[in-house]
Amino acid sequence: MASISLRGLYKIYPGDITAVNDFNMEIEDKEFIVLVGPSGCGKSTTLRMIAGLEEITKGELYIGDRLVNDVSPKNRDIAMVFQNYALYPHMTVYKNMAFGLELRKVPKSEIRRRVEEAARSLDIEHLLDRKPKALSGGQRQRVALGRAMVRNPAVFLLDEPLSNLDAKLRASMRTELIQLHQRLGTTFVYVTHDQTEAMTMGDRIVVMKDGFIQQVDVPQALYDSPCNMFVAGFIGSPQMNFMDGRLVKKGNEFFFAVDEDELLIEPAKVGEHLNQYVDRRLTVGIRPEDIKNDAAFIGAHPRSVVKAEVTVTELMGNEIYLYLNYRGKKLTARVSPDRRPKTGHEIQVAIDARRIHLFDPETEKTLAGA
């Protein structure tokens, strides 16, 4: 097993195009790390540098206590699972899983033991004589995982392995990958653009944008305490609502003013740091589940009630997404399905003052203490 240390990694392509910028991180042995971000943020490039498939422009990469910058991929004790599975179409499942071991001159009896053991673990024993074209997407993904497992690597690298699967299969494969990680007790580094995968699978999540790390934290901390507007908007579905307004102070209380409406800011969110923002423009972030239209919630937050027009409703089964027009601003609320307002109606909603997020609109950073 192995830890991974990434120390000031850069990837700069010809034309001075920087794909990864000063990436620093310590990945612990047996940890499940997820790199997440939009297309082009540098997450796959970072993974490929760990694998040795991309040359490191600057910085040092250690697997365990060994510097591996100049070590070939086959000698890094890693296994990589690709988005497109990369199976050999002319080989059976057994041969696909065994091929890497055969190249390493592993004895045939040991190869068979490892392949059959991995196949049992992944429930693909009955597929060993088939070729990839006769398999479903989920079965091909299991074969790709099995091919990596038989090598007993110190590190698993997975590059968007579920992106080609349908939604139902993706959900079940997420659970299987979590269980696989627990069984193997191996370090996993997983790349995805899907924040749901990141939140459900990772011990820690690395949020990236434009080649830079934005924030590294456990999933719940990322959700509850994003460091900036990008992380706040990227993590969570539907995404966080943002509104621009002005900070107002009356006595010892702070309010967020949107035109004539003044919304109370919960005292727990208030600190001396907010005094410097009084009468200045701020951005407030509100998650959809913190906007409600039921009477009990409105009664509990009487100083954070606004009127908004319902533009669209989406029934999701156990909840409804309300898309609202509030003073020309678009808001999304997640509410109970027992009361479904009609499109075009004006309704009252309350905002949970304990759960708002405050951002500096210029730097887009979370206000300290807020």
Side-chain angles (χ1 to χ4, degrees), residues 223-224 226 228-270 273-316 319-367 370:
Y223 191 81
D224 293 335
N228 59 32
M229 288 178 62
F230 175 79
V231 175
F234 193 83
I235 299 295
S237 180
Q239 76 165 39
M240 183 181 285
N241 299 289
F242 295 106
M243 288 193 297
D244 287 334
R246 187 170 50 87
L247 187 67
V248 174
K249 187 175 185 182
K250 294 183 177 181
N252 291 323
E253 292 184 317
F254 288 87
F255 298 83
F256 185 76
V258 181
D259 297 334
E260 292 82 27
D261 290 338
E262 293 181 349
L263 310 176
L264 177 68
I265 297 174
E266 178 70 22
K269 293 283 185 180
V270 173
H273 65 287
L274 282 188
N275 284 311
Q276 63 183 303
Y277 292 96
V278 172
D279 293 325
R280 285 176 55 185
R281 188 171 66 90
L282 290 183
T283 298
V284 68
I286 309 157
R287 294 212 179 272
E289 63 268 26
D290 298 324
I291 304 175
K292 302 287 187 186
N293 66 334
D294 63 273
F297 190 86
I298 290 172
H301 302 275
R303 303 171 77 184
S304 302
V305 178
V306 300
K307 291 182 179 179
E309 179 191 355
V310 179
T311 58
V312 177
T313 66
E314 288 184 348
L315 177 62
M316 307 302 289
E319 62 186 0
I320 293 175
Y321 294 168
L322 297 182
Y323 296 91
L324 307 172
N325 182 350
Y326 168 60
R327 296 189 178 276
K329 302 170 178 64
K330 294 179 180 180
L331 296 179
T332 305
R334 294 172 64 175
V335 303
S336 171
D338 54 0
R339 293 179 60 197
R340 186 176 185 179
K342 294 182 179 179
T343 300
H345 282 203
E346 186 176 72
I347 63 171
Q348 279 193 326
V349 296
I351 295 168
D352 190 340
R354 301 164 300 177
R355 303 281 297 167
I356 66 170
H357 301 260
L358 298 172
F359 303 95
D360 185 314
E362 295 179 3
T363 65
E364 298 192 352
K365 292 182 178 179
T366 300
L367 299 186

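In this chain, residues are counted from 1 in sequence order.
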Within 45° of the six-membered ring axis of Phe255 and under 6.0 Å from that ring's centre, is NZ or CZ of Arg246 located there?
no

For Lys330 and Asn325, which I'm curious about, is there any donor-acceptor pair between the side chains at under 3.5 Å?
no

Any side-chain heavy-atom pair of Thr343 and Thr311 under 4.5 Å:
no

Minimum-distance pair of heavy atoms, taken over all atoms of Pro288 and Met240:
CD-CA, 4.3 Å

Do Asp360 and Leu367 come close enough that some side-chain heavy atom pair is under 4.5 Å?
yes

Just say parallel, tilted or perpendicular for the rings of Tyr323 and Tyr321, cut-offs at 30° and 60°.
perpendicular

State whether the side chain of Asn228 and the backbone N or O of Phe230 hold a donor-acceptor pair below 3.5 Å, judged by distance alone.
yes

Please indicate whether Gln276 has more than 12 foreign heavy atoms, meaning atoms of other residues, nucleotides or ligands, lying under 6.0 Å from its CD.
yes

Okay, side chain of Thr363, backbone of Lys365: is any donor-acceptor separation there less than 3.5 Å?
yes

Let's go through Arg303 and Glu262 carefully: what are the C-alpha distance in whole Å and the side-chain angles of both, what is the deciding distance for salt bridge (Lys or Arg N to Asp or Glu O under 4.0 Å) to 0.1 Å, and is it a yes or a no?
CA-CA 8 Å; Arg303 303 171 77 184; Glu262 293 181 349; over 6 Å; no

Is it true that a side-chain atom of Thr366 and a backbone atom of Pro226 form a donor plus acceptor pair closer than 3.5 Å?
yes

Among all residues two or more places apart in sequence or in another chain, which pass the side chain to side chain contact (heavy atoms under 4.5 Å, CB included) test with Ala333?
Ile291, Leu322, Leu324, Val335

